[in-house]
Each structure stands twice: as C-alpha cells, then as structure tokens.
Novice: 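Quick one: the structure is below, questions incoming.
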Amino acid sequence: MSTHTPQPDLPPPITSVGVIGWLRTNLFSSWGNTVLTLAAAYVVYLTLPPLIEWALIKAHWLGDSREPCDLEKGGACWVFVSVRFNQFMYGLYPEAQYWRINLAAILLVVLMIPLFIKQFPWKLWLGFFVLFGYPVIAFYLFSGGVLGLEHVETSRWGGLTLTLVLASVGMAASFPLGILLALGRRSSMPIVKSVCVVFIEFWRGVPLITVLFMSSVMLPLFLPEGTNFDKLLRAMIGISLFQSAYMAEVVRSGLQAIPKGQYEAAQAMGLSYWQSMSLIILPQALKLVIPGIVNTFIALFKDTTLVLIIGLFDMLAMIEAALADPKWLGFSIEGLSFAAFVYWIFCFSMSRYSMALERKLHTGHKR
Amino acid sequence: MSESPTPGPVVSDELTIELRGVHKWYGQFHVLKDINLEVKKGERIVICGPSGSGKSTMIRCINRLEEHQRGQIIVDGTELTDDIKNIDQIRREVGMVFQHFNLFPHLTVQENCCLAPIWVRKMPRKEAEEAAMQYLEKVKIPEQAGKYPGQLSGGQQQRVAIARSLCMNPSIMLFDEPTSALDPEMIKEVLDTMIELAESGMTMLCVTHEMGFAKTVANRVIFMDGGEIIEQNRPDDFFDNPQSDRTKLFLSQILAH
C-alpha cells in the first residue's frame with residue numbers, strides 16, 4: 001500500500017484568467033455569441049458617434065438667444081436649456097427668493113452627510129430629525145410668512161423643486177404607511193385585516209391620474225364651501241396613499257419570505273408583537289425587498305410628473321411650457337432629452353444606492 | 001434530600017410543569033389526545049416517537065407556540081390561558097431550542113444572545129453583553145461572538161441557540177429535535193453541551209432520537225404515538241424492558257443498526 005502525497009496547487013490555465021479569460025467567457029464563448037458580439041459592436045459604431053457629435057461636439061452650450069443654433073445646424077441647442085434653467089429648477093418661484101430653496105437643499109445635504117459616516121454616534125436622532133424636523137423647516141423656508149420671509153403660495157412652487165418635494169414627501173409617507181398596511185394585512189385580527197385589504201385593493205385598483213383628478217376637482221365639491229385645502233397638499237396626500245398601497249404589497253412579500261422559525265424564536269423568547277416585528281422580522285424582510293422598495297420609489301418619482309394635469313408645474317411641466325414659447329419653438333428634442341437626463345440621474349442614483357445598501361446589509365448566508 | 005433514580009443532580013419533589021387532559025386539533029386532525037404529564041423541578045425528560053406522533057406539538061404547547069383546545073397546562077404555577085400576561089410570564093421562564101436553530105441572521109452571535117435580556121428583561125446593555133459572553137463561554141464559542149450566524153457551522157449555530165436561550169436565565173429548557181438538522185460529526189458537540197446543562201440541574205424536555213443521550217442523562221423517557229403518551233419509564237427499564245408492542249416496534253426500528 002502506497003501513502004498518499006498531496007498534490008501542489010497549480011495556477012489556472014492562462015486562457016481562463018485576465019483580459020483574455022474575460023473576453024472568452026463573456027464575449028466569445030461560442031460561435032453564436034461571437035456573432036452577437038460583433039453585431040452589437042456594429043450597432044454601437046453606427047449610433048454612438050453621431051449621437052456624441054450631436055449632443056456634445058457640434059452642440060451649442062451658452063448664449064441667450066437661439067441665433068447661433070439657427071445659423072449652424074447639426075448639433076443640439078442646449079442654449080434653450082441654459083436660458084430656461086432657473087425655471088426648470090425653481091418653477092415660478094420669485095427669482096429674488098431662490099436662495100431659500102438653495103438654503104433648504106444645502107441644509108438637507110449637510111444633514112445627510114453624517115448619516116453616511118460610519119462612526120457618527122447620533123445617527124438615529126439625526127435620522128429622526130431629517131424625517132420629522134427638517135420638513136417643517138423646509139416648509140417654512142419655501143412658503144415663508146414667518147420671520148419676515150415673503151409668503152410664496154404653493155401654486156408658485158415648481159420645477160425640479162416641486163418634483164423633489166412631491167417625491168420625498170411621497171416616499172417618506174408611503175414607506176411607513178406601507179409597512180403598517182402590510183402588517184395589518186397579515187394580522188390575525190379580522191377587522192384590522194379587512195380594513196387594510198380594502199384600503200390596499202382600492203388604491204391599487206385606481207389609476208394615479210384618477211386619484212389626482214378626484215383630489216383636485218371632486219374633493220372640493222364635497223367639502224363645505226369656503227374650506228381651502230391646498231392643492232399641493234391634496235396631491236401629496238393622493239400620491240402618498242396611492243403609493244403606500246404598492247409599498248404594502250412589496251413589504252408583505254418580504255414578510256412572507258421570512259421563515260416561520262424566526263417568528264417562533266422571537267415569540268419563544270418572550271418578545272412582544274411590536275418588538276419581534278421591529279427587531280427581528282422587519283429588518284430582515286425590508287432588507288429582502290430593497291429592490292422592490294426602490295422599484296416603487298423610482299415609479300413614484302416618475303409618477304410625480306402626472307401632477308401636470310391638476311395644474312401643478314413640476315419640472316416636466318415647466319419644460320413643456322417652455323417648448324410652447326413662440327420664441328423657442330422646435331427644441332423639443334433638447335428639452336425632453338434634458339428632462340430624461342435629470343430623471344435618469346435621480347433614478348439611477350437611487351438604484352446604485354440601493355445596491356450599495358444591499359451589500360452593506362449582507363450578513364453571510366441565510367440561516 | 002431525596003434519592004434520585006439516576007445519577008446526576010437531585011430532582012426535587014416540586015412540580016414545575018403540569019399537563020392535565022390536554023387535547024389539540026389541527027382542523028379535523030386530533031394531534032394530542034388526553035395528554036397528562038407531570039414534570040418535577042430538575043427532571044430531564046426525553047420524548048421520542050415516530051414522526052407525526054405529536055411530540056413536538058406537545059412541547060410547543062408548553063410555551064404556547066401552539067394553542068391547546070382542551071385541558072390545562074400549568075407552568076411554574078401559572079396556567080396558560082388566552083391571557084397574554086400569563087403567556088409572556090411563562091415564555092420568560094421557558095427557553096426553547098429548535099431543530100433549525102432559528103438564530104436571527106441579521107444580528108451577530110452576541111446580539112442574538114443580548115436581544116431578549118435587553119428588551120424583555122430590561123437588563124442594561126452592558127450587563128446583558130457580559131452575561132452573553134459568559135454563556136457563550138459555557139457553550140465553548142466565545143471567539144465567535146462578533147460573527148453572524150451565517151458564518152458558523154450548524155453545530156456552532158445550535159450551541160449559540162442554546163446560549164441565547166440560557167441568557168434569559170430560564171428555569172425550564174425545551175429542545176425540539178436539536179440535533180436532527182446537523183451533520184453527523186457535529187451532533188456530539190451539541191449533545192455535550194446539553195449533557196453539561198443537564199448536570200447543572202436544569203429542567204429539560206428533549207424531543208430527540210439520540211438514545212445514547214437518553215441513556216446518559218434522562219430521568220425518564222416518554223414514548224408517544226398517534227397523539228398519546230404510550231409509555232413512560234426510567235431509561236434503563238424503557239430500553240431493556242419495553243411494555244407495549246408499539247414501543248418495542250419503535251425501539252427495534254431505531255436501534256436496528
């Protein structure tokens with residue numbers, strides 16, 4: 001009988017690692033894939049250079065009139081965007097008061113920075129402040145009427161500012177509401193359960209456009225005469241309730257994915273319902289459904305454009321209005337490209353952030 | 001001091017768990033039929049029987065993970081009723097170890113252990129952390145305290161689960177097939193921990209098929225089948241001299257090889 005001698009670790013074959021290995025596995029792994037790779041490269045070659053030429057190289061960037069664009073065609077006329085930029089950002093907000101919006105934005109950024117610093121000790125309190133304290137400050141900054149600030153009616157809020165206000169209020173309200181609805185729908189108490197089911201199914205069953213339209217046109221008819229109920233506030237409530245129904249279903253899918261043993265272990269240790277939900281079940285369930293939550297948030301962000309139909313001027317509405325300006329006819333490609341770009345930046349950031357969050361919260365294999 | 005029937009810590013005469021005429025149904029299915037059981041303080045009981053015999057259901061009734069529909073269950077002088085206060089009271093006194101460990105994967109080993117003492121017992125965090133380390137040392141894995149359950153082997157996870165239960169300082173421990181989900185080479189480390197626990201005088205009810213464990217530490221072995229307690233006896237009598245045919249059949253099946 002011979003004794004076993006262990007074999008040394010050999011390096012992998014050169015064709016399976018590095019650039020060559022990557023090319024082989026990802027682009028040229030078979031004849032079919034090689035053909036597809038070449039075809040895709042050809043399509044990129046056909047489309048990308050002209051696009052870059054139009055959008056960047058031959059484009060007109062600065063100025064205050066459309067003349068250069070009309071003289072030298074073939075490139076994008078970003079002058080249209082730069083001339084109207086302030087309106088796209090601030091809507092009809094009085095120009096002299098732009099600093100209030102800027103201040104609110106800077107304040108938010110400054111408040112948020114420590115939340116991303118690992119060692120910062122008062123994260124929880126700061127988080128609470130950003131969620132509950134900051135909106136009050138921002139509201140008074142925007143709307144004024146206090147401390148000598150000029151009052152600006154909500155109907156003059158607009159542009160990207162309005163988009164962000166609607167989206168962040170919608171997210172901040174629909175997330176907790178969605179969690180409560182999801183827990184309610186899984187409750188063993190029949191009344192709680194049926195209220196949640198009816199709520200969710202109602203709001204999921206109607207189009208957002210109907211909700212907005214009803215809230216701005218129908219609702220005032222039912223309210224006693226003279227009651228003034230801000231249009232923006234109504235839109236916010238409409239969007240929040242609508243999205244919370246979607247959020248509830250996303251969260252519920254996460255709750256259902258948590259093994260029964262987790263609930264039982266929490267119960268067996270004597271944790272109360274709310275303790276086991278907030279300490280054990282929700283942290284796991286919400287982590288599981290981060291992709292779904294972000295999906296809903298992105299949808300919400302883009303759905304805010306629908307407030308156009310009730311006469312609120314978000315960024316897209318401002319761009320539409322600018323396109324109708326007789327002095328600047330014919331620049332819809334530029335205007336809409338700009339809108340698409342801005343929306344894409346925000347949505348893509350959310351998506352990247354969610355992926356980073358998923359990685360950060362990953363704690364080894366499940367169970 | 002009374003004489004104990006088997007070697008090991010002394011069993012007192014004081015009752016800690018009483019089941020009187022307990023019945024339970026899952027829909028139409030009658031899972032527990034007239035269960036009567038008295039457990040004295042410090043007793044180590046092993047419950048065995050074929051799958052579906054109701055053994056897990058019985059011990060899960062003791063901390064109300066399952067609800068019984070008829071009869072009385074009294075734990076440490078408190079009767080289990082719909083009263084949430086009584087349920088919480090009993091759950092604080094009764095620790096449970098599950099087949100699939102059920103550790104909380106989003107918390108570290110130490111956080112798993114501290115959670116209930118902090119939130120249920122209202123223990124200061126520092127104190128709870130120290131206690132957790134003490135129990136992790138007892139189950140011989142203090143060095144894993146900062147890891148997440150997903151990074152541990154099955155045997156280590158189960159030992160953490162035992163430590164987590166002990167952190168609540170329970171007077172009774174329930175084990176629901178604690179070694180059934182483990183790879184063979186990890187069963188021993190968990191059983192060793194349980195034997196140590198038994199020697200410390202803990203009241204234990206274990207659903208298990210580890211007959212070696214039953215012989216070493218149990219004062220009593222209970223055999224269940226079809227939702228009934230068929231037979232209960234001291235381990236030596238139970239294995240050497242089973243009374244009913246069903247027990248004989250069961251023992252011949254599990255001891256065949």
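Below, chains carry the letters A, B, ... as their sequence lines are ordered, and counting in each starts from 1.
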Novice: With a 4.0 Å cut-off, would you call R64(B) and D82(B) a salt bridge?
Specialist: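 Between D82(B) and R64(B) there is a salt bridge, with a charged N closer than 4.0 Å to a carboxylate O.
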
Novice: For Y343(A) together with F301(A), are the ring centres under 6.0 Å from each other?
Specialist: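 Distance test on ring centres: under 6.0 Å, yes.
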
Novice: Could you look at Q267(A) and say if it's the side chain, the backbone, both or neither that has a heavy atom under 4.5 Å from chain B?
Specialist: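 Both the backbone and the side chain of Q267(A) come within 4.5 Å of chain B.
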
Novice: Does K287(A) come within less than 4.0 Å of E358(A), counting only side-chain N to carboxylate O?
Specialist: no

Novice: Under 4.5 Å, counting heavy-atom pairs only, tell me which of M168(B), H106(B), R164(B), K147(B) racks up the most with chain A.
Specialist: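 Looking at each option in turn, the highest pair count goes to H106(B).
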
Novice: Heavy-atom distance under 4.5 Å to chain A: side chain of V94(B), backbone, both or neither?
Specialist: backbone

Novice: Please check if any side-chain donor atom of E18(B) sits under 3.5 Å from a side-chain acceptor atom of Q72(B), or the reverse.
Specialist: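 Side chains of E18(B) and Q72(B): no pair found under 3.5 Å.
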
Novice: Going by atom types only, do E66(B) and Y26(B) share a side-chain donor-acceptor pair under 3.5 Å?
Specialist: yes

Novice: Between N112(B) and chain A, with a heavy-atom cut-off of 4.5 Å, which part of the residue counts as in contact: side chain, backbone, both or neither?
Specialist: backbone

Novice: Is F104(B) close to chain A through its backbone or its side chain, or both, or neither, when contacts mean heavy atoms under 4.5 Å?
Specialist: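 F104(B) touches chain A through backbone and side-chain heavy atoms alike.
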
Novice: For R60(B), which atoms come within 4.5 Å of any heavy atom of chain A: side chain, backbone, both, or neither?
Specialist: side chain

Novice: Mind checking whether Y246(A) and F242(A) have parallel, tilted or perpendicular rings, split at 30° and 60°?
Specialist: tilted

Novice: Taking every heavy-atom pair that is under 4.5 Å apart, which of L65(B), D88(B), N63(B) has the most such pairs with chain A?
Specialist: L65(B)

